[in-house]
Amino acid sequence: MDSIRTTMMPVPLSLNRLLEHAGRLFPEREIVSRLPDKSLRRHTYGQWYARTRALAAALQRLGLRRGDRVATLCWNHHAHLEAYFGIPAAGGAMHTLNLRLAPDDLGWIAHHARDRFLIVDDTLLPLYERFASLHRFERVIVFPFSGAAVTEREADDEHGHAAIDDYERLLAQAGGAGEPDDARGAAAAFRYVEHDENDPVAMCYTSGTTGRPKGVVYSHRSTVLHSLNCALPDYVALSANDIVLPVTPMFHANSWGIPYAAVMLGSKLVFPGPHLHPEDLLDLMQLEPPTLALGVPTIWLGMIQAFEANPGRWKLPAGMRSMVGGAAVPESLIRAFARNGVRLAQGWGMTETSPMASLFFEKPELHGTAGEDEWFARKATCGIPVPLVELRIMGDAGPAEWNGRDVGELQVRGPFITGSYHEEPRSPEKFTDDGWLRTGDVASVDPHGYVRISDRTKDLIKSGGEWISSVELENAIMAHPAVAEAAVIAIAHPRWGERPLACVVLKPGRRLEPGELREFLAPKCARWQLPDAIEFVDEIPRTSTGKFWKVKLRERFADWHWPQDATTP
Ligand code: ADP
């Protein structure tokens, strides 16, 4: 056979190349972090580059070995970004701990991952203390986020205490506390660890909305490919001209991969620190107007409600675009931002998918083909899959057609999608024999490739043998002007198997009768899909990542009883 070999260099894909690229080409670009006292701290990429390499040098000096896990327990800020690149540069894998989890879960996760070191914000030390007894880190490196002095101490084996180090002192010792001269010092001193492109750079546990947390381990290869994908003009269109506000936490699903992609391109970054209240975010947008802001729908809902309730108090940055995802994005939210000049695009993804797997943009052949309602309906989909992600809908009888009607389980595969979980047997509930990830989401895809998530397998409501989508009902309810938010759950029903119960939060000062709401929904839903039970509640419980926590709602309404004569629909 006449064979031929590639002439391309076998250079591994490496996060370290992105770090070097940014340090050399974008030293003047800025990274702004909001501190606990709400003041803004500024670094140039040049300073950040030096500090990142100094962190890598310091970790090696402390004895970090290739493949060791370094956990982070931090808000979104420049030092967390240093960990994103500095830990892999030193050969380690960064393990982001989700600070909204219960201490028991944090201890379990750190132990399961066998984390050696921890980098923690000083303001989060009380949280660390609550799970310190469950996992013994060798060293706890404290970042003085609040500006207070850090009290260092040696390890105390007798009492089982980890050594405590001051993050800033470690960096200064390694010659990179942020002065221009330090950049040269640290750059000269530090050598990257040789690695394969499939070596780990980071890990994250799924937040456990369902079942026990499971660890996903990202590689240099998957992270670089995902970063390139994030940047593509039809999708996030990230560029050096952007000012990016990632409200998505860096402690969950890599803040959607934005920190890696932004550094690769030299985008200016504005980190909100711990200030995620809608009013704080709107204040920050006045101080540092972003061109791109990213977050989950619940925070965006709060933001638009605060904005519209206080005319004249804030401006939404002119031309700002916004990516929202992680949970269903109601069409009413997209319309509300559009009314105020902000383009909102929905994305779909999971911790397992790095996470951006699909994102909305309008394909040119669809320009001008739809009326306003149809256009917004399409905007409320999760968009089309990004390049390199293959997607199929698995129905009972095999892969479903992309006709916009047939629903089934959404399954995906690709080079930045996990093929297993860290130290877990590969289970058929999560992966198919032919190599696809089973997402647990129920979806349809239209002939143009737009994905519409209708539910999670566990959240579907089966009434009289027919499925009701809780997501569609929630969206319809949230379109009512008096409704702030709504979540729909299934309640066992003696006749119908299950019927929907709608938990509704009203906007402040608004009143609504169940009958009025049902009347409002009637033209939008089939009669048997209308929720017969509507409960007005003060708030919808949230998971650690800000999503509706239906498990808690189901617990709360576990004893719900239908009236004797309940025969609907
Ligand atoms: P967890 O399942 O622990 O919340 P992730 O944060 O990784 O973990 O969330 C992934 C899940 O979030 C998806 O499987 C899906 O159910 C939901 N999700 C993400 N984006 C969207 C979206 N745009 N619309 C509806 N659901 C979404």
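As the structure is a prediction and not an experimental result, all values here were calculated from the model. In each ligand, atom 1 is the first atom listed, and ligand 1 is the first ligand listed.
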With backbone taken as N, CA, C and O and side chain as the heavy atoms from C-beta onward, which portion of [X] lies under 4.0 Å from ligand 1: side chain, backbone, both, or neither?
X	result
Thr351	both
Met350	both
Ala327	backbone

With nothing but distance in play, are any N or O atoms of [X] less than 3.5 Å from an N or O of ligand 1?
X	result
Thr206	no
Trp348	no
Gly347	yes
Ile453	no

Distance only, no hydrogens: is a donor on one side chain within 3.5 Å (strictly under) of an acceptor on the other, for Asp121 and His77?
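Side chains of Asp121 and His77: pair found under 3.5 Å.
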Below 4.0 Å from any atom of ligand 1, is there a heavy atom belonging to [X]?
X	result
Gly326	yes
Cys382	yes
Val329	no

Can you check whether His252 reaches Thr351 side chain to side chain, under 4.5 Å on heavy atoms?
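His252 vs Thr351: side chains touch.
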